[in-house]
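Everything below concerns the one structure shown next.
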Amino acid sequence: MNVAQDLSVLTLFANASLLVKMVMAILLGVSFTSWYWIFRKSFAIRIARAKTDEFEREFWSGGDLNALFNTAANDRHNAGALARIFEAGYREFNKLKGQKTLDAKDIIDGSRRAMRATYQRETDDLESHLAFLATVGSVSPYVGLFGTVWGIMNAFRGLANVSQATLAHVAPGIAEALVATAIGLFAAIPAVVAYNRFAHDIDRVSIRFESFMEEFSNILQRQLR
Amino acid sequence: MRFPQPEPDNWLSAVLAVLVHVVLAALLFMGVHWQTHTPEAVEVQLYSAPPAERSAPAPRKVQPVPEVKPPPKPVPKVEPPKPQAKVEPPPAPKPEIAQKEKPKPVEKPKPVDKPKPVEKPAAPVMPDWSKELKATEQNLSRQKATEAAAKELQDLKAAQAAQALARGKAAWGDRIKAAIRRHIVVPPSVSGNPEAVFDVTLLPDGAVLNAKLRKSTGNSALDAAIERAIGKASPLPKPEDPTLFQRNLELKFRPLEE
């Protein structure tokens, strides 16, 4: 009488039905991808914050704007998002300043439009794939639950063929099925946490970008007089 | 104009993601393994308990064997003067040993051991005859030992089968009595611990066909209570081994025994 069921994770996975196996495989893939993006995004946001800190320090230390512009324009790949916003705004400002027909308000507006366009590109880049994390967080528990429900249905269907129904007949099937929910939750929980954290971090960085844009516009306006 | 993220980060992220999953898989594997091992240990204890009870009486039966050993020892002392007679005495004690050992499960090695002490005392007394004697004695004792062992084995098997049968029947009877006793409502007027004997006819599914009172308790209210209880307990539990099923059962009841 083999009472001792081996309930290691591998046997649970191996004994599951095909559909449950597929659900588990999908969830495993989703979990892997979401962790990949969690790490990539966290690195990207950390770098963006560090570069923003660095550029703000340089900018407010009172250096020459032209020198700052040159370093930002020459080293675009290493420059941070804020440096690129500054570069776009200052480039546009210099172009428009040469035209005598435009008054100060138009020059500032043009420069702000250029900065806003770059700002939107930058925040969009930072926010890319956050939607994926949100989707994983909200959907993968349901996918796991689907696998579980299917597995439990199978377990009970097998029970119908047995005259003396005991818990021992259903328990392995239910345990197998519950693994699907476990994987779904494992994929979902970090994704939700990471999504919320990243959304918050990106909001804060964007606010810094926006306030910089406003302050820089004031500086440009003062330069026009 | 947007620039791709620096490549090392992508690789690092992929490696870290794999690492997270490997760590989780390891934790799950170890964690779940740890959980499965404890119930196993409990089950082993549960299932090994009954055999321990069965084997327990065996050593008790073996203990008398050392008491049997002394008798052969005096016999060899008689041997040396009469070489011809020497061959005869060894077989004599052995059947005795074999007979005594029949009920005992595990003594095959012991009959082989016993002849050896017999030979050792004989050797120093008569050096000339000792080799032939030894050879013949050994051959004889070996034959006897194997015969005795085979006999023992057969007897043992028969005894075990009978025991198992009796045990199964007893267990079945106990289960039936327990099932019925649950339903007995003892009337207040009963005094002492009277015994009732019922002849019960069963259908193959355990349902009670009829229950006839063979020996009354002397208290008609109690007899009626037991008869009602038999009816209520129908269908009675079936034996674990279906071959033990009997159509007619004789059930004895002492409703007050606890």
Side-chain angles (χ1 to χ4, degrees), chain A residues 1-13 27-48 75-81 84 87-88 117-118 120-126 128-129 168 171-172 175 178-179 182-183 185-187 189-190 194, chain B residues 1-52 54 164 168 171 175 179 204-207 235-242:
Chain A
M1 184 166 177
N2 185 21
V3 185
Q5 286 278 351
D6 189 10
L7 287 179
S8 90
V9 177
L10 288 180
T11 45
L12 284 183
F13 180 83
L27 285 174
L28 227 70
V30 163
S31 166
F32 175 80
T33 322
S34 88
W35 272 101
Y36 171 74
W37 282 112
I38 287 170
F39 283 117
R40 250 187 89 166
K41 281 285 124 185
S42 77
F43 290 143
I45 290 171
R46 198 183 306 161
I47 288 169
D75 195 10
R76 263 194 186 142
H77 286 270
N78 279 331
R84 285 193 287 269
E87 184 234 312
T118 314
Q120 270 165 359
R121 261 200 297 275
E122 294 296 335
T123 46
D124 175 67
D125 194 64
L126 277 180
S128 67
H129 299 284
L178 286 175
V179 172
I183 299 177
L185 290 178
F186 173 70
I189 294 169
Chain B
M1 37 184 192
R2 201 44 211 105
F3 315 98
Q5 300 235 334
E7 281 300 309
D9 273 5
N10 300 358
W11 281 110
L12 188 62
S13 310
V15 169
L16 283 174
V18 169
L19 213 71
V20 165
H21 286 83
V22 166
V23 166
L24 178 96
L27 280 178
L28 263 182
F29 195 74
M30 284 158 63
V32 175
H33 252 293
W34 173 72
Q35 283 175 342
T36 46
H37 273 296
T38 34
E40 264 176 37
V42 172
E43 277 156 12
V44 167
Q45 283 176 343
L46 275 173
Y47 284 88
S48 61
R54 270 173 232 155
R175 280 166 62 210
D205 68 341
L236 294 172
K238 281 181 267 185
E240 276 172 16
D241 180 2

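Atom set for the values below is all heavy atoms of this structure, side chains included, hydrogens, waters and symmetry mates excluded. Naming convention: chains lettered A, B, ... in sequence-line order (proteins, then strands); numbering from 1 in each chain.
The two residues B:S13 and A:Y36 make their nearest non-hydrogen contact at CB-O, 3.6 Å.
Proximity of B:L12 to A:F43: side-chain heavy atoms (C-beta onward) are separated by under 4.5 Å at one or more points.
Residues passing the side-chain hydrogen bond (donor to acceptor under 3.5 Å, both in side chains) test with A:S31 are B:H21, sequence neighbours excluded.
The structure places CH2 of A:W35 at 9.5 Å from CG of B:L16, a figure rounded to the nearest 0.5 Å. In this structure, CG on B:N10 lies 7.0 Å from CH2 on A:W37, to the nearest 0.5 angstrom.
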### Query
Given the rule in the side chain to side chain contact (heavy atoms under 4.5 Å, CB included) test, do A:F39 and B:V20 qualify, once you have shown the distances and angles that lead to the verdict?
CA-CA 11 Å; A:F39 283 117; B:V20 165; 3.7 Å; yes
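With a threshold of 4.5 angstrom between heavy atoms, B:V15 does not approach chain A through any atom at all.
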